[in-house]
Undergrad: 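Encoded as structure tokens, here's the structure I'll be asking about.
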Amino acid sequence: MDSVSNNLYNFIYIAVIILGGITLTLTVILQAKERDKQHRAISLFVASIFVYMIADFITYYYLDEKVSGDVVFAMITASDILFCALVVAWVYLILVLLRAEDRVSIKWVILLSAVYQIGSQALSISLGRYDSYALTVEDGIGKVLLQGLNLAYALMIIGVGIRCILLLAKKEHSSFRNSNLVLILLLIGYMVWIAYWDYSTWYKTEDNLMDIYALDPLILFYAILSLFLIYYFYRKDPLRLSESQVASEDAVAVIGERYGLSDRERQVLELMNRGKSNPQIAGELSISENTVKRHINNIFRKTETGSRHDLLFKLSNISELDVKGR
């Protein structure tokens, strides 16, 4: 890229990072109020993109031929590790929104990402890829293995994405159906671009390589995601002081759909929200107190709360936006 294009690209990249920093702050505030798995996963995802983009920008735009091989090795290794952390956070967010953590194990995604990182870094070091800024290695079996490992990881994540699409298609209803589909398709598309980027590092000249890097779709995606989350924060308005924003039955319905509560669990939750004790709930529903306790424990587990106070706090923070999005 020429100097003008390079300066413009730097400006855009830095602007997106600043926007992402604002978004990260807002999502942390929102997660602190909502205190559920969905918002925690969103905060983790936004944080992973923010940190990765900072490291990636420094690595590929502030390192030059004068930098020692040790610094190059440290920064590229950090960037590669943060890339895998971003991918894991991306997959985790999809699984949480899809409520498919029992169908696709995030632990396996983390394990395979760790194996990929160890293998690729070991090969890169043994092949002398970090001995200079050029990041090249001689042709041979080692180069083929490294290329194959990079492609295998990209295909693995694409496979996870396709699996999630199939799971989404089987769900009759999902509060985050459209958002999930978009996130999955973007993940698959980004891994396709990563595969092309890996290919380009071996067969393109340095000038062409920087032009390709400038087309990184993550920059545009992060900008759009940040604007959407800022709007979402505005609509949720977690800093609002007033409570009781919606009727209690609507709040129970939202919680029931969001966390997959059974009909009986919703009935128990409605009575808990009215301040009924366990014996009173048992009497109204004509069930035993032990059964009531079992339903309450199931509600705590599904909603990720540990007490009635936490559960009622979650109910009190359901907004009109949540009701309209059902």
Side-chain angles (χ1 to χ4, degrees), residues 30-45 89 91-111 163-164 166-177 179-180 236 238 243-326:
L30 189 58
Q31 194 276 323
K33 181 171 185 180
E34 296 293 336
R35 295 193 294 187
D36 58 19
K37 184 179 291 186
Q38 286 84 357
H39 288 89
R40 184 164 63 248
I42 292 173
S43 296
L44 181 63
F45 178 51
V91 172
Y92 178 66
L93 175 60
I94 291 171
L95 295 179
V96 169
L97 296 181
L98 190 59
R99 299 193 189 96
E101 296 160 280
D102 58 334
R103 307 297 296 276
V104 178
S105 175
I106 190 64
K107 292 181 180 179
W108 276 105
V109 176
I110 295 173
L111 177 61
R163 170 66 171 161
C164 289
L166 295 176
L167 292 174
L168 182 62
K170 294 179 180 179
K171 285 185 172 291
E172 297 181 358
H173 175 77
S174 173
S175 301
F176 302 96
R177 187 180 187 87
S179 300
N180 233 325
K236 293 283 287 187
E243 296 184 356
S244 303
Q245 301 167 29
V246 297
S248 60
E249 59 270 17
D250 290 330
V252 170
V254 170
I255 292 293
E257 290 181 7
R258 179 178 294 176
Y259 297 102
L261 302 184
S262 67
D263 291 339
R264 179 63 84 184
E265 288 166 352
R266 296 188 192 198
Q267 292 174 342
V268 172
L269 179 57
E270 175 64 34
L271 294 173
M272 291 173 66
N273 194 38
R274 295 178 188 173
K276 302 290 185 180
S277 64
N278 286 7
Q280 290 173 324
I281 294 174
E284 291 206 22
L285 298 180
S286 300
I287 56 179
S288 69
E289 287 191 46
N290 286 335
T291 302
V292 172
K293 291 179 181 178
R294 178 168 55 83
H295 287 312
I296 291 176
N297 287 331
N298 286 338
I299 293 171
F300 287 161
R301 175 177 55 81
K302 291 180 179 181
T303 59
E304 296 184 300
T305 53
S307 67
R308 287 191 178 223
H309 177 271
D310 289 343
L311 183 59
L312 296 179
F313 178 85
K314 191 182 291 289
L315 277 168
S316 70
N317 283 288
I318 296 297
S319 67
E320 293 179 0
L321 177 62
D322 295 306
V323 176
K324 292 178 181 179
R326 287 170 53 194

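Predicted, not measured: the structure shown is a model, and the values here were computed from it. Residues take their numbers from the sequence shown, with the count starting at 1.
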Undergrad: Return the minimal non-hydrogen interatomic distance between Val91 and Ile106, and the atom names on each side.
TA: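 Reported closest heavy-atom pair: CG1-CD1, 4.0 Å.
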Undergrad: Are any non-hydrogen side-chain atoms of His295 and Gln267 less than 4.5 angstrom apart?
TA: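 In short, these two side chains do not touch, never coming nearer than 4.5 Å.
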Undergrad: Within a reach of under 6.0 Å around CG of Asp263, are more than 12 heavy atoms found that belong to other residues, nucleotides or ligands?
TA: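 No.
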Undergrad: For Ser262 and Lys302, which heavy atoms make the closest approach, and how far apart are they?
TA: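 Answer, listing the atom of Ser262 first, then Lys302: N-NZ, 4.2 Å.
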Undergrad: Would a distance-only check, ignoring hydrogens and angles, find a side-chain to backbone donor-acceptor pair under 3.5 Å from Gln280 to Ser277?
TA: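 Between the backbone of Ser277 and the side chain of Gln280 there is a qualifying donor-acceptor contact (under 3.5 Å).
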Undergrad: Would you say that Arg40 contacts Val96 through its side chain, given a criterion of any heavy-atom pair below 4.5 Å between the two side chains?
TA: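 Side chain of Arg40 against side chain of Val96, heavy atoms only: no contact under 4.5 Å found.
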Undergrad: With a 4.5 Å limit on heavy-atom distance, are the side chains of Gln38 and Leu97 in contact?
TA: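 In short, these two side chains touch, coming nearer than 4.5 Å.
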Undergrad: Report the C-alpha separation of Lys276 and Glu270 in whole Å, then their side-chain angles, then the decisive distance to 0.1 Å, and conclude whether the salt bridge (charged side-chain N to carboxylate O under 4.0 Å, His left out) test is met.
TA: CA-CA 9 Å; Lys276 302 290 185 180; Glu270 175 64 34; over 6 Å; no
Undergrad: At their closest point, which heavy atom of Cys164 faces which heavy atom of Leu98, and how far apart are they?
TA: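 Closest approach of Cys164 to Leu98: O-CD2, 3.6 Å.
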Undergrad: Can you see which heavy atom on Ile299 is nearest to which on Thr305, and at what distance?
TA: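 Answer, listing the atom of Ile299 first, then Thr305: O-OG1, 4.4 Å.
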Undergrad: So Leu167 and Val104, do their side chains get closer than 4.5 Å, heavy atoms only?
TA: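 A side-chain contact under 4.5 Å exists here.
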Undergrad: Just one of Arg103, Glu101, Lys107 clears the side-chain contact (heavy atoms from CB on, under 4.5 Å) bar with Ser105, so which one?
TA: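 Single pass found, and it is Lys107.
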Undergrad: Output yes when Lys293 and Glu289 qualify as a salt bridge under the 4.0 Å nitrogen-oxygen rule, no when they do not.
TA: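 Salt bridge absent between Lys293 and Glu289.
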Undergrad: In terms of side-chain geometry, is the basic nitrogen of Arg301 or Glu265 positioned less than 4.0 Å from the acidic oxygen of its partner?
TA: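 Result for this pair is no, no salt bridge flagged.
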Undergrad: For the residue pair Ala41 and Tyr92, what are the closest heavy atoms and their distance?
TA: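 Closest heavy-atom pair between Ala41 and Tyr92: CB-CE2, 3.7 Å.
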Undergrad: Return the CG to CD1 distance between Leu311 and Ile296, rounded to the nearest 0.5 Å.
TA: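 It is 9.0 Å, given to the nearest 0.5 Å.
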